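Below is one structure, written out as structure tokens, with a few remarks after it.
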Amino acid sequence: MYRSHTCGELRASHINTEVTLAGWVQRVKDRGNLTWVVIRDRYGITQLMFNEESPEGLLEASKKLSRETVIQIKGKVIERESKTKNMETGDIEILVSELTVLNEAKLPPFTIEDETDGGEDIRMKYRYLDIRRNPVKESLIFRHKVSMEVRKYLSDKGFIDIETPYLIKSTPEGARDFLVPSRMNAGQFYALPQSPQTFKQLLMVGGMDKYFQIVKCFRDEDLRADRQPEFTQIDCEMAFVEQEDILEIFEGMTRHLLKEINGVDVAKFPRMLFDDAMRLYGNDKPDIRFGMEFGELNEITQRKDFKVFNEAELVVGIAVPGAASYTRKEIDKLIDWVRRPQVGALGMVYVKCNEDGTFKSSVDKFYDQEDLAKWAETTGAKAGDLICILSGRTTKVRSQLSALRMEMAERLGLRKADEFAPLWVIDFPLLELDEETGHYHAMHHPFTSPKPGQIELLDTDPGSVKANAYDLVLNGNEIGGGSIRIHDKETQAIMFKHLGFTEEEAKEQFGFLMDAFEYGAPPHGGLAFGLDRLVSILGGQETIRDFIAFPKNNSGRDVMIDAPANIDSQQLKDLSIQLDIKES
RNA sequence: AGUACUGUAGCACAAUGGUUAGUGUAUCCGACUGUCUCUCGGAAAGUUACGGGUUCGAAUCCCGUCAGUACUGCCA
């Protein structure tokens, strides 16, 4: 037996108990004729004491211990002469009678403390040391709690956890696939799933009725702070359900998590039409923790001589609370900010709503006080606010103003990590126009069913067709999304046709699904949550990386194991693969 | 693929184009019986990412490369 107790559990009630502890040396405090050694494991830290009365040689040995050495000690729990509230075991210490060094440790490259001196890249290279730190350790435990609550909730509701394969088939729609060459089938490749989508639908055809899985998914696309090439989904599907049933179950799950994990009670989630989200927030995942809703200003701005507005498809503004006090310089910096290529606005018109009820704008030449008062009314601006107005093509200007809205909320501290504002965004369009190719592609995925009665519109006005698709949004992040699926072969065939598949292509790619639909597919639908993102939002963090034990860096590399890596020529030969690397 | 920022001691950061490139922390040595971010004394530690250029003189300015981070494109 390596230990009788953990390093986090001893209290005053254990005084005089003989214990055995094992853990890592956190710190050695050498005070001459007395040393304290703080020992750490997953559960906490405990102070050990060595002095002149310790058995022969122990005091000297304790002084030689270096940080992160793995030791085992036997000793007696004693009351401290000076207690501390800084640690949970601060009332006691261990008078050590036996010390065993289980494994010496090299000096770690950064300090293993809550506030480490290590930067991101060195922490990732030595992630196993980083995980010893409380913030990372707690994040991983937090993730465990969330995923256990998910399992508990869904299992209680009758969902069955079923595994689906990781080696599947590449499909043209959607993100790039990670590919895996098949040795036994020369020249052929598996793909890693971007989601278990078709399999979960086939489980419904198989009669499993309610399925869930906490499952790794893979997308070969560029990374972000909240996006990894391999990520985890809470994947769910139900048969014999309508949209309402699904929203209810998963609103319940989200409420359960907020309650159990964060201790927060949330009222019924509001629902917002996709069109309204775009109109009021410029975004299909609005953060509704704060106001600053869009005010469309076309009618009241397009009757004067200001050409920029007159020629714009959309003139739209937001009222930034309290920002009328911005100096000319600060506003110029804001204008520079919206003109950055990442945002891409050509300029910004502003109106200061002065405390005395007057207005000062950058377009006073064209508009009088009466005009500006109407703008203030439409954007909901109050005295002291700054109205920021952008104009241009509707789709572009909405996303630009949305970026500005989020930036201003961030600067004004309105995005509070401990405040939770979930909402459903519903009635997404079925199709989305690709501006470059002029082709439509599925906004959600090609198995999403159109709203009843709208299928005829596919021929006349495909962009206007709405889908039985919904997203769950939390604090400006899409944490889940799903749809009612198509469950008959005819509708699915029509969809594939409109997505530009020939009949042969559809059969080749998705024949198995079309076939299955001919053998009694029940009406079904479902959704998937992004677990990494959900966990990080519940945990109040911007980045998902510390909720993943071994994340990839910005370039998709694992810097600890140094992957991806070259493989030797024999492996390539086995796979019948030749490399043809272009010098760039 | 693009834009921006960054790259200096183990780690985190400083240094107006001008002396021997500093500070904190970690490390090593010494002192200390109540520390818990101990304290005090000392020591060691640098290819200023790499390559080129401008200059009397470059960590600093310019060009290129590489790497990291954030964002945009991308992510059905």
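Quick caveat: nothing in here was measured; it's all calculated off a predicted structure. Just so we're on the same page: letters track the sequence lines, and every chain starts at 1.
A/Gln47 comes within 4.0 angstrom of a nucleotide base, judged by non-hydrogen atoms across all strands. No engagement by A/Thr448 is indicated, since no non-hydrogen atom pair under 4.0 Å with the nucleic acid exists. A/Arg224 comes within 4.0 angstrom of a base, heavy atoms only. Residue contacts shown for A/Asp220 are absent, as no nucleic acid heavy atom lies under 4.0 Å away. Within 4.0 Å (heavy atoms only), A/Lys83 reaches at least one base atom of the nucleic acid. Contacts of A/Asn51 with the nucleic acid, taken as non-hydrogen atoms under 4.0 Å apart, are absent. Residue A/Ile122 is classed as a sugar-phosphate contact, given heavy-atom separations below 4.0 Å to backbone atoms only. Here A/Arg123 lies out of heavy-atom contact (under 4.0 Å) with every strand. As judged by a 4.0 angstrom heavy-atom cut-off over every strand, A/His441 is placed among residues touching the sugar-phosphate backbone only. Counting any heavy atom pair closer than 4.0 Å across all strands shown, A/Glu432 reaches no nucleic acid atom.
Each of A/Asp177, A/Asp220, A/Thr171 was compared with A/Gln194 under the side chain to side chain donor-acceptor pair (under 3.5 Å) criterion, and only A/Asp177 meets it.
Comparing B/C38 with B/A44, their C1' atoms are spaced 23 Å from each other, to the whole Å. Atom C1' of B/C13 sits at a distance of 13 Å from the matching atom of B/U6, rounded to the whole Å. Taking the P atoms as reference points, B/A4 lies 11 Å from B/G64, given to the whole Å. Across B/U47 and B/U60, the matching P atoms stand 16 Å from one another, rounded to whole Å. B/G41 and B/U8: their C1' atoms are spaced 29 Å apart (whole Å). Nucleotides B/A31 and B/U23 place their C1' atoms 25 Å apart, quoted to the nearest Å. As rounded to the nearest Å, B/A45 and B/A21 have C1' atoms that lie 14 Å from one another. Taking atom P on both B/A58 and B/C75, the two are 49 Å apart, rounded to the nearest angstrom.
Of the two residues near RNA chain B, A/Thr84 and A/Gly119, the one whose nearest nucleotide lies more 5' is A/Gly119. Each of A/Glu81 and A/Pro109 lies near RNA chain B, and the nucleotide nearest A/Pro109 is the one positioned closer to the 5' end.
A side-chain donor from one of A/Gln213 and A/Thr164 sits under 3.5 Å from a side-chain acceptor of the other. Judged purely by distance below 3.5 Å, without hydrogens or angles, the side chains of A/Asn468 and A/Ser449 pair a donor atom with an acceptor atom. Inspection of the A/Asp235 and A/Tyr211 side chains reveals an N or O donor paired with an N or O acceptor under 3.5 Å.
A salt bridge is absent between A/Asp558 and A/Arg127; no separation between the charged side-chain nitrogens and carboxylate oxygens falls under 4.0 Å. Of the charged side-chain nitrogens involved, none lies within less than 4.0 Å of a carboxylate oxygen, so that A/Glu504 and A/Lys507 do not count as a salt-bridged pair.
Between chain A and RNA chain B, the heavy-atom contact criterion of under 4.0 Å yields a 5' to 3' nucleotide range of B/A1 to B/A76.
Base-pairing analysis of RNA chain B finds the following stems of at least three consecutive Watson-Crick or G-U pairs, with both pairing distances under 3.5 Å: B:1-7 with B:66-72, B:10-13 with B:22-25, B:27-31 with B:39-43, B:49-53 with B:61-65.
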